[in-house]
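Structure record follows, encoded as structure tokens.
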Amino acid sequence: MAGIYIHIPFCRQKCYYCDFYKTVNTSLQSDFISALKIEAKVRKNYLNEETIETIYFGGGTPSVLSAKEIDEILAVLNAEFNVDSDAEITFEANPDDLSNDYLIAIKQVGINRLSIGIQAFQNRHLKKMNRRHNATQAVEAIEIAAKTGFSNLSADLIYGLPDLTPKEWEESLNQLFNLPVKHLSAYHLTYHEGTAFYTWLKKGTLKELKEAESVDQFNTLVDLSLANGFEHYEISNLAKDQLYSRHNTAYWMGDKYLGLGPSAHSFDGVSRRWNDSSVEAYIKAQANNQPYFEEEKLSENDRYNEYILTRIRTKWGVSQKDLKQRFGNEKERYFSSQLAKYKDTGVLLINNNTITLTRKGLFVSDEIMADLIII
Ligand code: SF4
């Protein structure tokens, strides 16, 4: 079982908080699609003919692509890889791209899960972030998507925004729960170096929310989500009716994946590869059949650390039995001894030899993870 991630590096405009690799030069789109097809063909053996159970179009803004372009990409993937007929095919989209016609067209070419970048339901915050859409468009996009037959709908929200009041955050969550959304990814704002938000924070023209306010917003997120039938299955992800993101869950479970496109990461079980971040250089490299990635072989300690860091974030947690089977007695003993520090602290739940974080533990997860890994 494996997945394919496709990085679509185009955005119509740049959001002020975002540090993903992207360009607003959409004139390169057609050359990029050609390069992507070459890369998919060249790397067709990367996953060793494993069945592809998930495909994820991320970005950037995949919804800058036409349905025809998406169809062409999927046709190459279907021809070169063993794509399961029931594969989850997720597509990240901006609300203002989601017209009725577009939604019908992308559904027809095979997209069966949408992840819509809502971020907030207040126009003042959307403007401050330089999002292209407004709150009305956000609501409409979700409603039209559901009417078009997308039953597996996910939305992204950001909390911890400068100035975001508790009332506004509750409003955003309640608005979302009134819509036919089955999955929510909610991220706390991070001030990434190089972004406009980071510059303004350093200049003092933008004020970071106090930690206690962020903690309150996280608690509101979890409480309201649970009250509305969502399950908190990963630190930043909540799902209804067990409609977890299969693609992201596979990352957390350590499954293999192939990443296509500039800045995309790949993992084949023993090493990681990441493509460089320049669409121009990517197009040139594919056309000339030149390598365009860096690679790191993972040591056993690296693999143990990744296993702990990803699993502990999820509701499935770390199974000591599985840990022992994968990494042997010594690593399992190390894990158990580190775990002992947290006895009776209320931050970890141990059930059937499986360790998960409690709500209290989620707030100190960085500290716990640093203790459990091997440095
Ligand atoms: S948040 Fe999304 S739409 Fe905005 S700049 Fe980043 S990738 Fe583009």
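First listed ligand is number 1; within each ligand, the first listed atom is number 1.
- Near T61, with a cut-off below 4.0 Å to any heavy atom, the atoms of ligand 1 are 3 (S), 8 (Fe).
- For ligand 1, the atoms closer than 4.0 angstrom to any heavy atom of C15 are 1 (S), 3 (S), 4 (Fe), 5 (S).
- A centroid separation of 6.0 Å or more is found between the aromatic rings of F267 and Y251.
- Checked against a 6.0 Å centroid threshold, the rings of Y244 and W252 do not count as neighbours.
- Residue contacts with ligand 1: R131 is included, with a non-hydrogen atom under 4.0 Å away.
- Taking a cutoff of 4.0 Å between a charged side-chain nitrogen and a carboxylate oxygen, R272 and D302 do not qualify as a salt bridge.
- Remark: aromatic rings of F10 and F32 are close, center separation under 6.0 Å.
- Closest to atom 7 (S) of ligand 1, if we only count protein heavy atoms, is G60 N, 3.3 Å.
- Ring pair Y282/Y292: centre-to-centre distance below 6.0 Å.
- Within the coordination shell of atom 8 (Fe) of ligand 1, defined by N, O or S atoms under 2.8 Å, C11 is present.
- Taking backbone and side chain together, C18 holds no N, O or S atom under 2.8 Å from atom 4 (Fe) of ligand 1.
- Remark: ligand 1 atoms within the under-4.0 Å shell around heavy atoms of N94 are 3 (S).
- Looking at Y56 and E92, their side chains do bring a donor and an acceptor atom within 3.5 Å of each other.
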